[in-house]
Q: 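Before I ask anything, let me first share the structure, which is written out below as structure tokens.
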Amino acid sequence: MGKRDFLALADFTPEEIWAILERSVELKREWMATGSNPPLLRGKRMAMVFQKPSLRTRVSFELAMEHLGGYAFYLGPQEIGLGKREAISDVARVLSGYVDVIMARVFDHAHIEELARWASVPVINGLSDYNHPCQALADGLTIYESFGRIQGLKIVFVGDGNNVAVSLMHLAAKLGAHFVFSGPEGYDPPEKAWKLAETFAQQSGATLHIERDPFKAVEDADVIYTDTWVSMGQEAEAEKRMQVFPPYQVNARLVARAKPTAIVMHCLPAHRGYEITDEVMDGPQSVVFRQAHNRLHAQKGLLAEMFEQWNA
Ligand code: CP
Ligand code: NVA
């Protein structure tokens, strides 16, 4: 059997996604209770390739490997020049001789697919311009911890239909939640991602809607989620984006329209005063820091499943 990558939630069944989430819960519980996990990844080595900056993805993967007895090292944008200093196919084949898994953060999603095609070891997508599946795992874990379920919840993404929105939408559609996107016209999640979500929703009983009015969108919401209006690589569009997104700010007035039990999520980094106010981010309904910490636990769950199940 060939190796299996983690490039998109779309490639995994609801059962496989749940297996990662349950594994993450277990590893988190054990870590919180005892300060350690078994060395499931003893002797395994990870290369972490970054074309863009990172705090959470870099630190949480490095520590996830350490907690499970493995080893990870960082290769920044200046170091290997993925596709610039050296062809992606060559980088993939060279690294495959040194490490057991490659995690990469890239601009163009086609580049992570190319890396995976040429690598003989599994590749993990640590964010591309198209999606951010590791973030969605931590999001799923956080929502599951908060409500004891994901199925049937109303999850509203307010803002830009970006990489984080795509993976959250696919998580919701795979696991039977009701997903609403609320953002300005012209900034919906890509058509291809929406069509895929519709096929998952048919299987799971999830629903998918677009609602331009954010106040209508968040009515009865269990989860309000937002992210930056200007993603990494979109800096040239910043001025235009700053003009169209302000009606989609997640502020106290908007949050008040959701269920009183609703949680507010953000993948971070946040731009306080833009897509989210201080009041909301530091308020009682915000779970953003637990969500960030869950990157560590969700990625341990992912790595455990990756090596013990799909690449055993
Ligand atoms: N949420 C997230 O991926 O954060 P970083 O960009 O800091 O890794
Ligand atoms: N949408 C953001 C997410 C950062 C984790 C970006 O791509 O910059």
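Every number for a ligand or one of its atoms is a count from 1 in the order of the listing.
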Q: Side chains of Tyr225 and Gln291: donor-acceptor distance under 3.5 Å anywhere?
A: yes

Q: Anything with a heavy atom under 4.0 Å from ligand 1 counts, so go ahead and list those protein residues by chain and number.
A: Ser54, Leu55, Arg56, Thr57, Arg105, His132, Gln135, Cys267, Leu268, Arg295

Q: Tell me whether Asp100 contacts the main-chain N or O of Arg45 through its side chain, where contact means a donor paired with an acceptor under 3.5 Å.
A: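 Yes, because the side chain of Asp100 sits within donor-acceptor range (under 3.5 Å) of the backbone of Arg45.
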
Q: Assess, by modelled atom type and distance only, whether the side chains of Asn251 and Glu279 contain a donor and an acceptor separated by less than 3.5 Å.
A: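 Not at all, the side chains of Asn251 and Glu279 share no donor-acceptor pair under 3.5 Å.
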
Q: Quick one: which of Gln135, Lys52, His132 gives a side chain to side chain contact (heavy atoms under 4.5 Å, CB included) with Thr57?
A: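 That would be His132.
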
Q: Applying ring pair (Phe, Tyr, Trp, His ring centres under 6.0 Å), can you list everything that pairs with Phe181, at least two apart in sequence or on another chain?
A: none

Q: How are the rings of Tyr71 and Phe73 set relative to one another: parallel (under 30°), tilted (30 to 60°) or perpendicular (over 60°)?
A: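 Tilted, since the angle between the ring planes falls between 30° and 60°.
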
Q: Write none if no such pair exists; otherwise list each N/O atom of ligand 2 with its protein N/O partner under 3.5 Å and the distance.
A:
unit_1, atom_1, unit_2, atom_2, d
ligand 2, 1 (N), Asn162, ND2, 3.3
ligand 2, 1 (N), Asn163, OD1, 2.9
ligand 2, 1 (N), Asp227, OD2, 2.7
ligand 2, 1 (N), Ser231, OG, 2.7
ligand 2, 7 (O), Asn163, ND2, 2.9
ligand 2, 7 (O), Ser231, OG, 3.4
ligand 2, 8 (O), Met232, N, 2.8

Q: Show your working on salt bridge (charged side-chain N to carboxylate O under 4.0 Å, His left out) between Lys259 and Glu219 and close with a plain yes or no.
A: CA-CA 7 Å; Lys259 284 187 186 161; Glu219 269 169 26; over 6 Å; no

Q: Applying ring pair (Phe, Tyr, Trp, His ring centres under 6.0 Å), name anything that partners Tyr274, two or more places apart in sequence or on another chain.
A: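 None.
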
Q: Tell me whether Trp18 at atom CH2 has more than 12 heavy atoms from other residues, nucleotides or ligands lying less than 6.0 Å away.
A: yes

